[in-house]
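Quick notes on the structure that follows.
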Amino acid sequence: MRELIRRLSFWDRVSDGSGGVPCGCVPVLVVGDGDDDCERFVVRVEALRHSLAALLEMAAQEFGYKQEGILRVPCAVNQFRQALTTATASRNY
């Protein structure tokens with residue numbers, strides 16, 4: 001899990017100014033049960049590190065610690081939205 005967080009923290013230092021993913025954020029693809037049930041989010045690294053650690057652990061168990069490209073999280077989109085809302089409300093991300 002620490003390795004995954006360390007890899008995500010690298011996004012804090014990478015930004016080419018092209019308007020893609022803002023500095024300090026990481027793209028997340030939430031993969032639900034079906035192919036139609038997936039959605040892309042841009043999430044602050046701190047929110048993943050502190051409030052969404054259980055979802056990161058699920059991602060590591062499902063897809064491994066060395067995911068390339070976008071971070072994939074295996075859960076329902078509504079569940080992720082609720083967790084993200086709770087994380088941003090409690091930590092002001």
Side-chain angles (χ1 to χ4, degrees):
M1 174 94 136
R2 286 183 183 171
E3 180 180 337
L4 184 57
I5 290 174
R6 194 175 319 119
R7 289 170 59 94
L8 294 175
S9 295
F10 178 72
W11 286 92
D12 271 344
R13 297 183 296 274
V14 176
S15 180
D16 61 0
S18 66
V21 177
C23 188
C25 296
V26 62
V28 176
L29 182 64
V30 178
V31 182
D33 293 334
D35 291 336
D36 295 335
D37 188 27
C38 64
E39 190 170 329
R40 183 180 185 270
F41 294 84
V42 176
V43 180
R44 298 227 13 108
V45 172
E46 292 86 4
L48 287 174
R49 185 178 297 145
H50 297 292
S51 303
L52 304 175
L55 294 176
L56 279 181
E57 187 60 38
M58 287 173 50
Q61 289 175 4
E62 178 81 19
F63 302 112
Y65 286 97
K66 295 185 179 185
Q67 292 187 44
E68 295 291 327
I70 192 167
L71 173 65
R72 293 171 293 161
V73 176
C75 75
V77 173
N78 289 337
Q79 177 187 0
F80 186 82
R81 275 194 191 123
Q82 183 178 5
L84 188 58
T85 300
T86 301
T88 55
S90 66
R91 297 278 187 169
N92 293 323
Y93 293 119

List the atom of Arg40, the atom of Pro27, and the distance in Å for their closest heavy-atom pair. NH2-CB, 3.6 Å
Under the side-chain contact (heavy atoms from CB on, under 4.5 Å) rule, what do Leu52 and Leu84 come out as? Steps first, then yes or no, please. CA-CA 7 Å; Leu52 304 175; Leu84 188 58; 4.0 Å; yes
So how far is it from Phe41 CZ to Leu71 CG, rounded to the nearest 0.5 Å? 12.5 Å
If only atom types and distance count, is the side chain of Gln67 paired as donor or acceptor with the main-chain N or O of Arg72 below 3.5 Å? yes
Residues that Glu39 engages under side-chain hydrogen bond (donor to acceptor under 3.5 Å, both in side chains), provided they are two or more places apart: Arg81
Partners passing side chain to side chain contact (heavy atoms under 4.5 Å, CB included) against Gln61 (at least two apart in sequence or in another chain): Glu57
Determine the minimum heavy-atom distance between Val30 and Cys75, stating which atoms define it. CG1-O, 3.2 Å
Run the numbers on Phe80 and Val31 for side-chain contact (heavy atoms from CB on, under 4.5 Å), then give the verdict. CA-CA 10 Å; Phe80 186 82; Val31 182; over 6 Å; no
Minimum heavy-atom distance Val26-Val21, with the two atoms named: N-CG1, 4.1 Å
Indicate the atoms forming the closest heavy-atom contact of Leu29 with Cys38, along with that distance. CD1-CB, 4.4 Å
Could you state whether Phe63 and Leu56 fall into the same hydrophobic cluster, counting links through intermediate Ile, Leu, Val, Met, Phe, Trp or Tyr residues with side-chain heavy atoms under 4.5 angstrom apart? no
Minimal non-hydrogen separation, Pro74 against Ala59, with atom names: CD-CA, 3.5 Å
